[in-house]
Engineer: 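Quick one: this structure, given as structure tokens, is what I'll be asking you about.
Convention: sequence-line order gives letters A, B, ...; per-chain numbering from 1.
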Protein chains: 2
Amino acid sequence: MRRDVFQAIADPTRRAIIALIALQAMTPNTLAEHFETSRQAVSKHLKILSECDLISQEQLGREIYYKLEVEKMKDIDIWLEQFRKIWETKFSQLDDLLATIKKQKK
Amino acid sequence: MRRDVFQAIADPTRRAIIALIALQAMTPNTLAEHFETSRQAVSKHLKILSECDLISQEQLGREIYYKLEVEKMKDIDIWLEQFRKIWETKFSQLDDLLATIKKQKK
DNA sequence: TAAATATGAAACTATATGGTTGCAAATATA
DNA sequence: TATATTTGCAACCATATAGTTTCATATTTA
């Protein structure tokens with residue numbers, strides 16, 4: 001079973017969960033109130049997010065507070081870095097390359 | 001069928017395709033040489049990437065060159081922005097919140 | 001102690017996903 | 001023109017995914 005950050009953020013409900021607990025740590029019950037799905041479904045999403053270390057939990061009595069491990073989000077940022085260099089270049093080297101190929105073929 | 005940028009980058013083969021064509025536009029055949037899977041499987045990945053506008057194509061004779069629409073990658077960057085604000089804060093407000101809850105409960 | 005609350009796990013289901021093989025269409029080349 | 005090359009699409013398959021309902025466990029509260 002694949003279980004990485006990219007697979008974790010693929011699901012829109014999980015992205016919403018991440019955004020919610022980024023603002024404030026929450027219990028599964030409180031989280032579930034924000035969605036149409038069942039509490040158990042939210043729990044399954046929390047498990048997936050836990051398995052790739054995007055969130056951590058802290059038990060307080062019978063409640064479990066889930067919070068975002070925001071450092072892990074940097075993994076996505078690191079992957080984006082290689083493309084950031086390209087999109088910050090005003091003149092596209094790709095268009096340039098295609099133009100070159102076209103000329104060669106003629 | 002869901003078809004957004006986040007779902008597109010969830011697959012490791014598609015992330016590899018993106019990284020390859022970011023450097024240089026490529027045909028499906030050339031791309032497929034970089035992977036274990038069949039050319040047809042690569043074509044299916046290209047279709048998914050096309051459907052969410054992450055790539056575009058240009059036909060030259062019987063060859064079709066696929067190139068990255070690097071602007072679309074910014075969608076991911078935009079989503080990350082909300083978390084970047086948090087991870088750039090040295091002192092975690094989440095730990096703070098949990099500490100507050102603990103005190104209230106005592 | 002008994003009841004209520006919060007949670008996770010198990011079993012099940014429908015659909016999505018990623019892969020394969022075979023084929024048809026378009027273009028280039030002999 | 002006949003053949004080779006490049007490509008996308010259809011049909012099929014095994015597995016993953018996201019959801020449900022039911023149940024067991026732990027903790028709080030009456």
Engineer: For A:Gly61 and for A:Ala41, locate the closest nucleotide of DNA chain D by heavy-atom distance; then report the residue assigned to the nucleotide nearer the 5' terminus.
Structural biologist: A:Ala41
Engineer: Please give, in whole Å, the distance from D:dT27 C1' to A:Glu58 CD?
Structural biologist: 17 Å
Engineer: Calculate the interatomic distance between B:Gln7 atom CD and D:dT17 atom P; express it in whole Å.
Structural biologist: 12 Å
Engineer: Taking the basic N atoms (NZ, or NE/NH1/NH2) and the acidic carboxylate oxygens, is any pair closer than 4.0 Å for A:Asp75 and A:Lys72?
Structural biologist: yes
Engineer: Could you give the CZ-to-C1' distance, from B:Arg39 to D:dT6, as a whole number of Å?
Structural biologist: 7 Å
Engineer: Which value, rounded to the nearest 0.5 Å, describes the distance between A:Gln7 atom CD and B:Ile9 atom CD1?
Structural biologist: 11.5 Å
Engineer: For C:dG18, does the base pair up with any side-chain atom of B:Arg14 as donor and acceptor (N or O, under 3.5 Å, distance only)?
Structural biologist: no
Engineer: Answer yes or no: side-chain N or O of B:Gln40 and base N or O of C:dG18 forming a donor-acceptor pair under 3.5 Å.
Structural biologist: no
Engineer: On a plain distance test, is the side chain of B:Arg62 in donor-acceptor contact with the base of D:dT5 below 3.5 Å?
Structural biologist: yes
Engineer: In whole Å, I'd like the distance from the CG atom of A:Asp4 to the P atom of D:dA16.
Structural biologist: 15 Å
Engineer: If I take atom CZ in residue A:Arg15 and atom P in nucleotide D:dA18, what distance separates them, rounded to the nearest angstrom?
Structural biologist: 11 Å
Engineer: Taking the nucleotide of DNA chain D with the closest heavy atom to each, which residue, B:Leu46 or A:Lys44, is nearer the 5' end?
Structural biologist: B:Leu46
Engineer: Say you draw a straight line from CG of B:Leu31 to CD1 of B:Ile17; how long is it, rounded to the nearest 0.5 Å?
Structural biologist: 5.5 Å
Engineer: Do A:Glu51 side-chain atoms and A:Asp53 backbone N/O form a donor-acceptor pair below 3.5 Å?
Structural biologist: no
